[in-house]
Amino acid sequence: MDHCSTNTFIVELETDMTNKPQTTKRVYLEGMKVGLPIGAGYFAVSFSLGIMAAKWGITWLQGLITSLFVNASAGEYAGFEAIGEKVLPTTLILVTIVVNIRYVLMALSLSQKMSPDLKMRHRVGVGFFLTDEFFGASVVRPGPLNPFYTYGIATVAVPCWSIGTVLGIVLGDALPKNIVSALSVALFGMFIAIIIPVGKKNKIVLGLIAVSMALSAAFRYTPVINRVPESVRIVILTVIIAAAAAILFPRREVEDD
C-alpha cells in the first residue's frame, strides 16, 4: 500500500458514515450505548447460568471470577457442569475448547476489519471480549473496527454478565421457574435485534440469515447429525455458509491508485 493509500485508510478509520471525526471517547461511548441491550440480555442468561452453577456446587465468588474472565455462555455452562461432575482437568480443557471453537472463525473474520497498524495489545483485547453478540455488533458497524468500540461494549456487558451469575447463584432458588425460563429468551431476542436491521438493508445478508436459520434447524433435527455437539455444528455451518457466500457474492475491494 503506497503513502497515498495509507493516508486514505487513516482518514476512513477516523471518520464514520456522517464524516464526523471519531475520537476515542466518542467511539467508546457509542460502544457503551450498544452494550446496554447486550448487557440486559447477558444479565438474564447469566442469572439462569448462576442457578445451575449453584446446583453444581459453585460459590458466588467462583462464579464472579469465572464470569469476569469467561465471556461465553455455552463455554461457561459446560465448564461448570464438568466441574460439578468432577471430570479430569484434561477433559475440562478439551470440553471448553470444543464448545468455544467457533470463536476462532469469528476472530479470523473480525481481524479483516482491523487496521493493519492496530497494535497487538488491542487485537488481544478485542479477542478477549469476543462473543457472538460482540461479533454481531462489530461486523454490522460501518468502517474499520476501532478497539474502543469493543471496550465500550465490554464496560457495560461484562459486569452485567458477572453480576447476573452471582445473583443467580445467591438468589436463583427464590424465583419461580417460569420467570427464570422467560429470562433465558432475552439474549436471543437481543441478538435478532442486531442482525435483522442489517438484513433489511442488504438482501444478500437477509438471505444468508434465512439460510443459516433453516440449515441450523435441519442440522438439529436430522438423525446422526444432531448427535454432533452443537458447537461443532455451528463451526460446520459457518464454514459452509461463509464459503458459499464468498464464492457466490464476492466482495469487490477498492483498488489502490
Side-chain angles (χ1 to χ4, degrees), residues 9-18 20-43 45 69-75 100-161 186-202 204-206 208-209 212 231 234-235 237-239 241-242 245-246 249 251 253:
F9 182 85
I10 294 175
V11 171
E12 292 176 350
L13 180 63
E14 296 296 328
T15 308
D16 65 5
M17 295 297 288
T18 59
K20 294 179 181 179
Q22 281 197 323
T23 63
T24 297
K25 180 180 179 180
R26 183 167 177 265
V27 173
Y28 180 78
L29 292 176
E30 181 185 346
M32 291 186 67
K33 182 178 179 180
V34 173
L36 289 174
I38 294 178
Y42 276 8
F43 179 85
V45 175
F69 291 97
V70 183
N71 303 308
S73 57
N100 295 320
I101 196 171
R102 69 186 185 277
Y103 294 124
V104 174
L105 297 178
M106 293 183 189
L108 291 174
S109 176
L110 204 57
S111 68
Q112 303 305 305
K113 283 181 65 69
M114 296 179 180
S115 164
D117 299 325
L118 188 64
K119 295 182 179 180
M120 181 58 65
R121 65 174 182 271
H122 289 306
R123 293 179 180 271
V124 173
V126 172
F128 175 79
F129 293 114
L130 183 60
T131 66
D132 302 282
E133 295 71 35
F134 277 55
F135 177 79
S138 298
V139 296
V140 300
R141 187 175 186 272
L145 177 63
N146 188 315
F148 287 92
Y149 180 73
T150 300
Y151 302 154
I153 299 176
T155 300
V156 178
V158 173
C160 288
W161 178 259
L187 189 62
F188 297 100
M190 178 274 302
F191 191 72
I192 290 175
I194 292 176
I195 61 175
I196 293 301
V198 182
K200 291 173 66 177
K201 296 179 181 179
N202 190 315
I204 294 177
V205 174
L206 184 61
L208 292 173
I209 292 173
S212 300
S231 59
I234 292 175
V235 172
L237 282 173
T238 301
V239 172
I241 296 173
F249 312 105
R251 181 177 179 180
E253 299 291 344

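We count residues from 1, following the sequence as given.
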Enquirer: Please report the closest heavy-atom contact between Arg123 and Leu118, naming both atoms and the distance.
Expert: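 That closest heavy-atom pairing would be NE-O, 3.2 Å.
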Enquirer: Kindly indicate whether the side chain of Thr150, heavy atoms from C-beta on, has any atom under 4.5 Å from the side chain of Leu145.
Expert: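 Side chain of Thr150 against side chain of Leu145, heavy atoms only: contact under 4.5 Å found.
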Enquirer: List the atom of Gly35, the atom of Ile153, and the distance in Å for their closest heavy-atom pair.
Expert: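 For Gly35 versus Ile153, the nearest heavy atoms are CA-CG2, 4.0 Å.
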Enquirer: Check the pair Met32, Leu36 against side-chain contact (heavy atoms from CB on, under 4.5 Å), reporting the backbone distance first and the verdict last.
Expert: CA-CA 7 Å; Met32 291 186 67; Leu36 289 174; over 6 Å; no
Enquirer: Can you list everything that forms a ring pair (Phe, Tyr, Trp, His ring centres under 6.0 Å) with Tyr151? Sequence neighbours excluded, please.
Expert: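 Testing Tyr151 for ring pair (Phe, Tyr, Trp, His ring centres under 6.0 Å), a comparison that skips the adjacent residues, returns His122, Phe148.
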Enquirer: Looking at every non-hydrogen atom in both residues, tell me the closest pair between Leu130 and Ala107 and how far apart they are.
Expert: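 Result for this residue pair: CD2-N, 3.5 Å.
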Enquirer: What pair of heavy atoms forms the shortest contact from Gly39 to Cys160, and how long is it?
Expert: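 Closest heavy-atom pair between Gly39 and Cys160: O-CB, 3.3 Å.
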Enquirer: Testing the basics here: between Arg141 and Lys113, what is the closest heavy-atom pair and its distance to 0.1 Å?
Expert: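 Shortest heavy-atom contact: O-NZ, 3.1 Å.
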Enquirer: What's the separation between atom CG in Leu29 and atom OG1 in Thr23, rounded to the nearest 0.5 Å?
Expert: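 Taking CG in Leu29 and OG1 in Thr23, the distance rounds to 8.0 Å.
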Enquirer: Grab the two heavy atoms, one from Tyr103 and one from Asp132, that are nearest each other, plus how far apart they are.
Expert: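 Smallest heavy-atom distance, with atoms named: OH-OD2, 3.3 Å.
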Enquirer: Who pairs with Ala154 by side chain to side chain contact (heavy atoms under 4.5 Å, CB included), at least two apart in sequence or on another chain?
Expert: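 With sequence neighbours excluded, Ala154 shows a side chain to side chain contact (heavy atoms under 4.5 Å, CB included) to Phe129, Phe134, Val158, given in chain and number order.
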Enquirer: Test side-chain contact (heavy atoms from CB on, under 4.5 Å) on Leu208 and Ile241 and set out the steps.
Expert: CA-CA 8 Å; Leu208 292 173; Ile241 296 173; 4.2 Å; yes
Enquirer: So with a 6.0 Å cut-off around CZ of Phe69, is the heavy-atom count from everything else above 12?
Expert: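 Not buried by this count: 12 neighbours or fewer within 6.0 Å.
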Enquirer: Under 3.5 Å, side chain of Ser109 to main-chain N/O of Met106, donor-acceptor pair present?
Expert: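 No, the answer is negative, given that no donor and acceptor are paired below the 3.5 Å cut-off.
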